[in-house]
Participant: 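First the structure, which I've put down as structure tokens, then a few questions once you've had a look.
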Amino acid sequence: MAEASGAPEAGAQRQHAVTSPVMMTRRDPWVNMLRTTIATLAAGVGGAESVTVLPFDDALGLPDAFARRIARNTSTVLIEEFHLARVVDPAGGSWYVERLTDELAHAAWEFFRTIEREGGQEAALRSGFTGERLAATWAARSKKLATRREPITGVSEFPHLAEKPVERAPAPEPPSGGLPRVRRDEAYEALRARSDAHLAATGARPRSTWPRSARRPRTRPG
């Protein structure tokens, strides 16, 4: 993607992952420790160089000291005791994993091209295109959650009805996300200028298809 976009020094990019807040539950929040462990393992196997593990009570408010300690130790256990960092690509050569990765990458690239056809990220946000896609996805998932077609342990499956609610102090308002408008526009124009300079210097033409190197299958079944 970096090569197709004309971004320089793509090899210096660090892959940082954050466990998803969407999967955190308010009911039976203790199960969130298992969810963040699985997410951290997946991030490490997927090649993340650093991972931020959200505390299990993140959805309830301000995490307490115990929750922060468990979050900190999650990645430590996976690295020191599970030896996750000793293997560069634990899933390398697995046709099952490689096939799913290839399908996900192609779907993501196609969505990236769709955003570009809408005029870019800012234009897609202003027109409501991105919001409509997110709303449709959430509506479909909400229906599955309400009808228990998508189970949630501790909430829709195996709930502990007598459990007392876990209470936390209110957390401060999170950042709105993204760059402030002025800085965002400046960053976009700077990236566009570098891309134009790269194309002018190399004589290359903008590419809107999946990079050739990514289209080659890495493994074969069997």
Participant: Hey, can you pull the donor-acceptor pairs under 3.5 Å for the side chains in residues 130-139, sequence neighbours left out?
Facilitator:
from   : atom 1 : to     : atom 2 : distance (Å)
Thr137 : OG1    : Arg133 : O      : 3.0
Trp138 : NE1    : Ser142 : OG     : 3.3

Participant: Are Leu41 and Met33 linked, directly or through intermediate hydrophobic residues, by side-chain heavy-atom contacts shorter than 4.5 Å (ILVMFWY only)?
Facilitator: no

Participant: Roughly how far, to the nearest 0.5 Å, is CG of Leu34 from CZ of Phe56?
Facilitator: 11.5 Å

Participant: Between Val51 and Ser75, is any pair of side-chain heavy atoms under 4.5 Å apart?
Facilitator: no

Participant: For residues 147-166, which residue pairs qualify under side-chain hydrogen bond (donor to acceptor under 3.5 Å, both in side chains), counting only residues two or more places apart or in two chains?
Facilitator: Trp30-Glu163, Arg141-Glu150, Arg148-Glu157

Participant: Indicate yes or no for a side-chain donor-acceptor contact from Thr19 to the backbone of Leu54 under 3.5 Å, with no hydrogens or angles considered.
Facilitator: yes

Participant: May I ask you to check whether over 12 heavy atoms, not counting those of Phe82, lie within 6.0 Å of atom CZ?
Facilitator: no

Participant: As an exercise, state the distance from CG of Leu60 to OG1 of Thr25, rounded to the nearest 0.5 Å.
Facilitator: 8.0 Å

Participant: Hey, what do you get for CG (Leu78) to CG (Leu84), rounding to the nearest 0.5 Å?
Facilitator: 6.0 Å

Participant: Only pairs at least two apart or in different chains count here, so list each salt bridge (charged side-chain N to carboxylate O under 4.0 Å, His left out) that has a residue in residues 22-33.
Facilitator: none

Participant: CG of Asn73 to CD of Glu80: how many Å apart, nearest 0.5 Å?
Facilitator: 11.0 Å

Participant: Taking side-chain hydrogen bond (donor to acceptor under 3.5 Å, both in side chains) as the test, write out the residues that go with Glu167, two or more places apart.
Facilitator: none

Participant: Tell me, which pairs form a side-chain hydrogen bond (donor to acceptor under 3.5 Å, both in side chains) where one or both residues lie in residues 49-69, sequence neighbours left out?
Facilitator: His16-Ser50, His16-Thr52, Asp57-Arg168, Asp64-Arg168

Participant: Closest approach of Ala43 and Ala17, non-hydrogen atoms and distance?
Facilitator: CB-CB, 3.9 Å

Participant: Counting only heavy atoms not in Gln121, do more than 12 fall under 6.0 Å of its CD?
Facilitator: no

Participant: Is Val97 linked to Leu100 within one hydrophobic cluster, defined over Ile, Leu, Val, Met, Phe, Trp and Tyr using a side-chain heavy-atom separation of less than 4.5 Å?
Facilitator: yes

Participant: For Arg117, give me all partners under salt bridge (charged side-chain N to carboxylate O under 4.0 Å, His left out), at least two apart in sequence or on another chain.
Facilitator: Glu110

Participant: Nearest 0.5 Å, please: how far is CD1 in Ile70 from OG1 in Thr76?
Facilitator: 11.0 Å

Participant: Under a 4.5 Å side-chain heavy-atom rule over Ile, Leu, Val, Met, Phe, Trp and Tyr, are Val31 and Met23 clustered together?
Facilitator: no

